[in-house]
Amino acid sequence: MIMIKGAVGKKEYKEPFSKGIMARSLHITDLGHDEAYEIASCIENKLLEENISEISIEDLAIFVTNYLKNYVDPVLAEKYIKWRNVRKSKEPLIILIGGASGVGTSSMAFELASRLGLKNLISTDMIREVMRKIVSKELSPVIHKSSFNAYESIRTPLLGPDPVVEGFISHVDVVNVGVEAVIERALKEGISIIIEGVHIVPGFIKEDLIRKSNVILFTLIVRDEDTHKSRFYSRCRQPWVKRSLDNYLSNFHLIRKTQSFMIDQAIKHNSKIIDNVDVKYTIDIMVNDIIEKYGGSYDVRQESKGNNDN
Ligand SMILES: Nc1ncnc2c1ncn2[C@@H]1O[C@H](COP(=O)(O)OP(=O)(O)OP(=O)(O)O)[C@@H](O)[C@H]1O
Ligand SMILES: O=C(O)[C@@H](CO)OP(=O)(O)O
């Protein structure tokens with residue numbers, strides 16, 4: 001049995017090598033579960049071949065990196081070690097995923113959390129629901145509407161060129177107070193989190209938060225109208241979904257207006273836009289951006305210094 005040595009603070013521990021844990025850590029390199037498990041088995045065999053019965057976490061990471069570089073793919077080796085750099089960071093990772101209703105922010109947030117091994121995920125719809133209990137309809141009618149039809153509840157004269165966008169802005173502005181509260185709490189507590197929903201709009205979140213190096217914002221869109229519309233059918237086919245298909249189809253033109261506004265905001269604030277046409281494409285882009293931004297620079301050759309290539 002191979003024992004892995006680690007330390008939490010000054011307290012040292014040893015635990016048996018687990019192919020399952022190794023496979024999960026390889027999942028970040030966009031290897032499928034089965035392939036990652038197979039490589040984890042090969043790594044275990046390689047360790048046994050080299051009569052390694054005990055190895056530190058740090059040396060195991062170098063061993064895995066060199067194994068990926070020499071026997072699998074240097075690009076995967078780079079992704080693996082960069083992601084480890086991200087996870088070793090003392091700062092929490094705050095990932096914000098915005099997008100109009102139905103583009104796939106919830107699904108992609110769940111997929112990304114699974115790929116990155118992040119445990120904290122919250123939707124802005126949930127934040128809004130809590131705020132709706134606290135803020136009365138009289139005080140803020142817009143928060144008690146959907147983002148795309150909030151304009152119907154605005155009591156003041158509509159001044160902007162497009163009432164739908166004006167209503168969306170008012171709605172997001174209020175919910176954003178809750179979104180910023182969650183970001184601030186996550187930063188204060190030091191927990192990495194993914195926050196997703198229509199209320200994540202470039203230019204709405206306070207500069208001192210969005211400017212932080214460990215806060216990253218993606219705007220998901222679906223450029224093609226028919227594809228976007230199909231997402232509502234796809235969602236409503238899921239048995240647990242209670243939201244009515246008609247509500248979104250009858251307001252689809254309004255939802256598309258909110259998407260156009262989000263695209264304008266993302267361009268204006270130089271924020272990443274991803275056309276969410278394919279799950280793997282979307283997740284790979286987000287993972288690569290996160291690793292590039294946080295993983296630091298890494299030259300695969302660095303790991304071979306002082307370690308025999310395996
Ligand atoms: N990249 C994708 N390719 C194919 N289907 C997708 C993709 N992303 C999401 N979907 C599907 O589209 C439907 C809507 O996705 P999801 O519920 O995540 O949207 P949403 O943006 O969270 O919507 P809302 O903000 O209204 O809750 C779901 O059935 C989901 O499985
Ligand atoms: O406000 C919205 O655009 C959507 C986002 O999910 O919420 P609801 O389904 O409540 O309309």
Side-chain angles (χ1 to χ4, degrees), residues 30 95-115 121-133 135 137 140-154 164-176 178-179 194-201 204 217-263 265-266 273-287:
D30 65 36
I95 302 169
L96 308 173
I97 303 177
S101 187
V103 299
T105 58
S106 311
S107 315
M108 293 306 100
F110 181 78
E111 285 291 329
L112 184 64
S114 162
R115 174 75 83 80
L121 170 59
I122 188 170
S123 77
T124 60
D125 287 358
M126 288 298 184
I127 295 171
R128 179 181 64 186
E129 217 51 42
V130 172
M131 296 179 74
R132 280 173 172 170
K133 287 292 179 209
V135 180
K137 224 175 231 176
S140 174
V142 287
I143 195 176
H144 292 270
K145 300 284 282 185
S146 294
S147 68
F148 49 81
N149 64 9
Y151 73 97
E152 293 169 352
S153 68
I154 290 186
V164 175
V165 173
E166 205 162 323
F168 177 79
I169 290 170
S170 303
H171 177 89
V172 171
D173 183 44
V174 178
V175 177
N176 197 45
V179 172
I194 298 178
I195 309 172
E196 62 82 18
V198 297
H199 309 92
I200 303 285
V201 183
F204 281 66
L217 194 161
F218 299 102
T219 298
L220 302 190
I221 66 172
V222 177
R223 282 196 196 284
D224 179 72
E225 275 206 27
D226 292 335
T227 305
H228 188 177
K229 195 173 280 188
S230 74
R231 294 285 164 83
F232 292 106
Y233 289 95
S234 148
R235 179 169 67 190
C236 290
R237 269 201 297 275
Q238 292 156 355
W240 60 85
V241 172
K242 300 278 185 291
R243 293 193 281 185
S244 92
L245 178 59
D246 290 345
N247 176 43
Y248 298 92
L249 296 184
S250 57
N251 288 294
F252 184 65
H253 61 299
L254 303 180
I255 292 169
R256 290 296 286 185
K257 282 191 173 193
T258 65
Q259 174 169 275
S260 300
F261 174 72
M262 291 170 134
I263 291 171
Q265 284 295 112
I273 296 173
I274 304 173
D275 192 1
N276 182 29
V277 291
D278 171 79
V279 177
K280 186 174 183 320
Y281 169 79
T282 299
I283 298 300
D284 284 352
I285 289 182
M286 290 199 280
V287 168

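Order of listing sets the numbers, starting from 1, for every ligand and every atom in it.
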**Prompt:** Quick one: which ligand 2 atoms are inside 4.0 Å of a heavy atom on Arg128?
**Reply:** 1 (O), 2 (C), 7 (O), 8 (P), 10 (O)

**Heteroatom distance test (Asp125, ligand 2): nitrogen or oxygen, under 3.5 angstrom** = yes

**Message:** Looking at ligand 1, would Leu220 count as a contact under a 4.0 Å heavy-atom criterion?
**Reply:** no

**Request:** Any atoms of ligand 2 less than 4.0 Å from a non-hydrogen atom of Phe148? List them with their elements.
**Result:** 3 (O), 11 (O)

**Prompt:** Purely on distance, is any nitrogen or oxygen of Ser101 under 3.5 Å from one on ligand 2?
**Reply:** no

**N/O separation below 3.5 Å, Tyr248 to ligand 2** = yes

**Message:** With a 4.5 Å cut-off on side-chain heavy atoms, are Met286 and Ile97 touching?
**Reply:** yes

**Request:** Using the test side chain to side chain donor-acceptor pair (under 3.5 Å), find all partners of Ser147 that sit at least two apart in sequence or belong to another chain.
**Result:** none

**Asked** Of Gly98, Ala109, Ser107, which has the heavy atom at the shortest distance from atom 18 (O) of ligand 1?
**Response** Ser107

**Prompt:** Heavy-atom distance to atom 17 (O) of ligand 1: which of Met108, Glu196, Arg235, His228 wins?
**Reply:** Arg235

**Message:** Which option wins on minimum heavy-atom distance to atom 22 (O) of ligand 1: Ser101, Ser106, Cys236?
**Reply:** Ser106

**Request:** Measure centre to centre between the rings of His228 and Phe252, then say whether the value is under 6.0 Å.
**Result:** yes

**Request:** Heavy-atom contacts with Asp278 under 4.0 Å: which atoms of ligand 1 show up? List them by number with element.
**Result:** 1 (N)

**Asked** Hey, does Ser146 come in under 3.5 Å of ligand 2, counting only N/O atoms on both sides?
**Response** yes

**Message:** Show me which atoms of ligand 1 lie under 4.0 Å from any heavy atom of Val279.
**Reply:** 1 (N), 2 (C), 3 (N)

**Test of proximity, Ser147 against ligand 2: N or O pairs below 3.5 Å** = yes

**Request:** Classify the contact between Thr282 and ligand 1 as side chain, backbone, both or neither, using a heavy-atom distance cut-off of under 4.0 Å.
**Result:** neither

